[in-house]
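Report on the following structure.
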Amino acid sequence: MQCKDIMAMIEGTYPKSAALDFDNVGLQAGRSQKEVNRIYLALDATDEVIEQAIEAGADMLITHHPLIFSPLKSVTDEDFISRRILKLIQHDIAYYAIHTNYDVLGMAELSGKILELKDTEVLTVTLNTQTGEEGIGRIGTLPHTMTLEECCVYIKHKLKLGAVKVFGDRDRKVQRIAVSPGSGKSMVDAAVTKGADVLVTGDIGHHEGLDAVAQGLSVIDAGHYGTEYIFIDDMKQFLSERLPAAVILTAPIVHPFQVI
């Protein structure tokens, strides 16, 4: 199957029109007519991931985060982003990114299911479809009321994490939970407005954490990678079901930083 056929298949479920305005999704390097038999999946197109894709003999690399996000003025070996693009092209690997269109139509629902939230609704609506509203994040109720500290342990277990960062009173009882995988500092207001007790997300800074607590919202920062690496296995299942003849390979789960 050619790259363009795989792109059409992906976009049949996750159309580029569902991506947020600031985003850059789709084919970012390579040939749309490239014959694809081996696909490599990862969260980011790092130097290590690209080397792994080359070693695996991949014809196509698919990541969640786009390698090309801001406009490039040149593609040379003098810039680390450009060097990655050159390497992909030199090895004839088609490179495709599926970002906020997947966040809206896949990641949000998946995160709610993994945390076993009940009575869920969209946290921030960005799209109206024939079947209803879609958007970033989910809000719902936990299986039972727990303390914020117990909720931290629960999140660590469900997302298979070694540690999380928490803002708020650890003895506070929580049950209504909002989840926004990735960088969710912009989701604080929506979580407060919808009456969440706690927001689970990543990339929360000092001021965002303090301001959330001041508004009655506890925050569990489970990390950008820690809340989004679920993309890899989900996309592997999605592609495997639709491309039974293709070899679907995945990057190892490696968190980008360690807490010592």
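Heavy-atom basis, side chains included; hydrogens, waters and symmetry copies ignored. All figures in this text were calculated on a predicted structure; none of them were measured in a lab.
Through side-chain heavy atoms spaced under 4.5 Å, either directly or across other Ile, Leu, Val, Met, Phe, Trp or Tyr residues, V122 is tied to V125. Here I260 sits alone; no ILVMFWY side chain lies under 4.5 Å from its own, so it joins no hydrophobic cluster.
Residues satisfying the side-chain hydrogen bond (donor to acceptor under 3.5 Å, both in side chains) test with T131, not counting sequence neighbours, are T129. Taking K156 as the reference, nothing meets the salt bridge (charged side-chain N to carboxylate O under 4.0 Å, His left out) condition, with sequence neighbours excluded. The salt bridge (charged side-chain N to carboxylate O under 4.0 Å, His left out) test applied to K158 returns E116, not counting sequence neighbours. Not counting sequence neighbours, D211 has no partner by the salt bridge (charged side-chain N to carboxylate O under 4.0 Å, His left out) test. Legend: residues meeting salt bridge (charged side-chain N to carboxylate O under 4.0 Å, His left out) with D79, ordered by chain and number and at least two apart, are absent.
Of all heavy-atom pairs between L88 and L67, the closest is CD1-CD2, 4.3 Å. The nearest pair of heavy atoms linking S111 to V179 is OG-CG1, 3.6 Å. When all heavy atoms of V219 and A212 are compared, the pair lying nearest together is CG2-CB, 3.6 Å. Of all non-hydrogen atoms in V25 and T100, the two that sit nearest each other are CG1-N, 4.4 Å. Summarising the geometry of L243 relative to I39, their closest heavy-atom pair is CD1-CD1, 3.9 Å, with the distance given to 0.1 Å. Contact record, L105 with T13: CD1-O, 3.7 Å, taken as the closest heavy-atom pair.
Taking a cutoff of 4.0 Å between a charged side-chain nitrogen and a carboxylate oxygen, D47 and R83 do not qualify as a salt bridge.
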Problem set entry | Candidate pair T63 and Y95, rule side chain to side chain donor-acceptor pair (under 3.5 Å), full reasoning | CA-CA 8 Å; T63 68; Y95 170 60; 2.7 Å; yes
For this session: Start with the C-alpha distance between Y40 and Q52, add both sets of side-chain angles, then the distance that settles side chain to side chain donor-acceptor pair (under 3.5 Å), and finish with yes or no.
Result: CA-CA 9 Å; Y40 200 79; Q52 290 159 7; 2.9 Å; yes
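There is no side-chain donor-acceptor pair under 3.5 Å between T147 and R170.
Residue pairs meeting the ring-ring contact (aromatic ring centres under 6.0 Å, His included) criterion with at least one member in residues 128-159: none, sequence neighbours excluded. Annotation: side chain to side chain donor-acceptor pair (under 3.5 Å) contacts involving residues 245-260, sequence neighbours excluded, are absent. Applying the ring-ring contact (aromatic ring centres under 6.0 Å, His included) test to pairs two or more places apart or on separate chains, none has a residue in residues 164-223. Among residue pairs with one or both ends in residues 48-75, those qualifying as salt bridge (Lys or Arg N to Asp or Glu O under 4.0 Å) are K34-D59, E51-K87; sequence neighbours excluded. A ring-ring contact (aromatic ring centres under 6.0 Å, His included) check over residues 49-89, counting only residues at least two apart or in different chains, returns the pairs H64-H99, H64-Y102, H64-F231, H65-H99, H65-H224.
With ring centers used as reference points, F238 lies under 6.0 Å from Y14.
Looking only at side-chain heavy atoms (C-beta outward), M187 and T201 stay at 4.5 Å or farther from each other. At least one side-chain heavy atom of I177 sits less than 4.5 Å from a side-chain heavy atom of V200.
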